[in-house]
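Right, I'll just put the structure down here and ask away after.
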Amino acid sequence: MDYGKERVVALVDMDCFYVQVEQRLNPALKNTPCVVAQYKTWKGGSIIAVSYEARAHGVTRNMWVDDAKKLCPDLQVARVRESHGKADLTHYREASVEVIEVMSRFAVIERASIDEAYMDLTAAVQERRKKMTDQQIDPSLLRTTYIQGYPQSDLEPFMGDDSNQRRSRGVEQWLASLPAPSTGGQSSAELQLTVGALIVEEMRAAVEKHTGFRCSAGISHNKVLAKLACGLNKPNRQTVVPLDSVTELFSTLPIEKIRNLGGKMGASIKEALGVDNMGDLTQFSQAQLGQHFGEKTG
DNA sequence: CATTGCTCCCCA
DNA sequence: TGGGGAGCA
């Protein structure tokens, strides 16, 4: 039973979604340090979404607006609509529906929150592969894709640190390592992920075209890895996490970075087993985890 | 009062 | 059915 390679799963996450909604409404906010805040009376209100320009100044979610202005004096503030004295998020929910509608053209969507959705792309990948016959995949179709673990530096000893050049070399190396799509009946797991990434590139382009909103995405073999992948390169980028990259990725990954292990659960695992990294966990057997839920990661 | 709001899950 | 805990944004 080759474990966990059979599906292609993606997570799409809108970049600072509430900010983008406000920026579409008021274009003067585009490309500026700005936040969305709720309530006004206490310390200027609390911040619930932050543009990347504002993040560069150290502004974070949950900060008071008055404190954020100290870090970023020309910060612009959009306010959440209030009705009956409560924050009213219907505005953002409606924008979320727009996004979901576009994404649903490509696959069945599982809405995870107002700005995140999972999708199982396994069937869509099989369909797409039938149409692809034996063509090679052109790297220009993976314009915003990162392959975790690539470029392998031993193959690329003199690589600079220009980030798009590195990204691009990684994709080229990865594509070169794939078996030819036409050989054999069923494709490798790696090829499936690549075709998944192709579909997600197209989906994200369609979302931006029809809604104006940008997003990031992760593509892997299960929801936990897709979620982790999505966070590796933001904003407006997507990341493939192949199973072979997981060992290295986990070797330095704090347990609380894994979805559902960010709270007491993760803390209790650390204490009970005396470990810090996901990599340290692999030496324990399934039996030790049986007490709790059964999400596997590979 | 000073995160807040939402969602999922479990249990009475 | 609703409250409370947990996790997340």
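Just so it is clear, the values below take in all heavy atoms, side chains as well, and ignore hydrogens, waters and symmetry mates.
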Decide, yes or no, whether a salt bridge links A:Lys227 with A:Glu116 under the criterion of side-chain N to carboxylate O below 4.0 Å.
yes

Within the 3.5 Å criterion, strictly below it, is a donor on A:Glu201 or A:Thr144 matched to an acceptor on the partner's side chain?
yes

Interface residues of residues 109-117 of chain A with DNA chain C (non-hydrogen, below 4.0 angstrom)
A:Asp115, A:Glu116

Could you tell me whether A:Tyr39 contacts a base, only the sugar-phosphate backbone, or nothing, with contacts defined as non-hydrogen atoms closer than 4.0 Å?
sugar-phosphate

Regarding A:Lys70 and A:Asp67, does a basic nitrogen lie under 4.0 Å from an acidic carboxylate oxygen?
yes

Taking atom types as modelled, is there a side-chain donor on A:Gln23 or A:Tyr18 under 3.5 Å from an acceptor on the other?
no

Does a side-chain N-to-carboxylate-O contact under 4.0 Å join A:Lys234 and A:Asp13?
yes

Note: chain A reaches DNA chain C at heavy-atom distances under 4.0 Å over the stretch, first to last nt, 5' to 3', of C:dA6 to C:dA9

If the threshold is 4.0 Å, N to carboxylate O, is there a salt bridge linking A:Arg214 and A:Asp15?
no

Write out all pairs satisfying ring pair (Phe, Tyr, Trp, His ring centres under 6.0 Å) with one or both partners inside residues 112-132 of chain A, taking only residues at least two apart or from two chains.
none

Using a heavy-atom distance cut-off of less than 4.0 Å, which residues of residues 80-92 of chain A contact DNA chain B?
A:Lys86, A:Leu89

Considering only NZ, NE, NH1 and NH2 on the basic side and carboxylate oxygens on the acidic side, decide whether A:Glu110 and A:Lys223 come within less than 4.0 Å.
yes

Apart from A:Ile47 itself, members of its ILVMFWY cluster (side-chain separation under 4.5 Å) are A:Val35, A:Val50, A:Val59, A:Met63, A:Val65, A:Leu71, A:Leu75, A:Val77

Contact boundaries of DNA chain B with chain A (under 4.0 Å, heavy atoms), 5' to 3'?
B:dA2 to B:dC6

For the ring pair A:Phe17 and A:Phe213, is the centre-to-centre distance below 6.0 Å?
yes

Nearest-angstrom distance, P atom, B:dT3 to B:dT7:
22 Å

For the pair A:Glu172 and A:Arg167, find out whether any cationic side-chain nitrogen is under 4.0 Å from an anionic carboxylate oxygen.
no

Run the numbers on A:Val9 and A:His221 for side-chain contact (heavy atoms from CB on, under 4.5 Å), then give the verdict.
CA-CA 5 Å; A:Val9 175; A:His221 292 296; over 6 Å; no

Residue pair A:Arg237 / A:Arg204: nearest heavy atoms and the distance that separates them
N-NH2, 3.5 Å

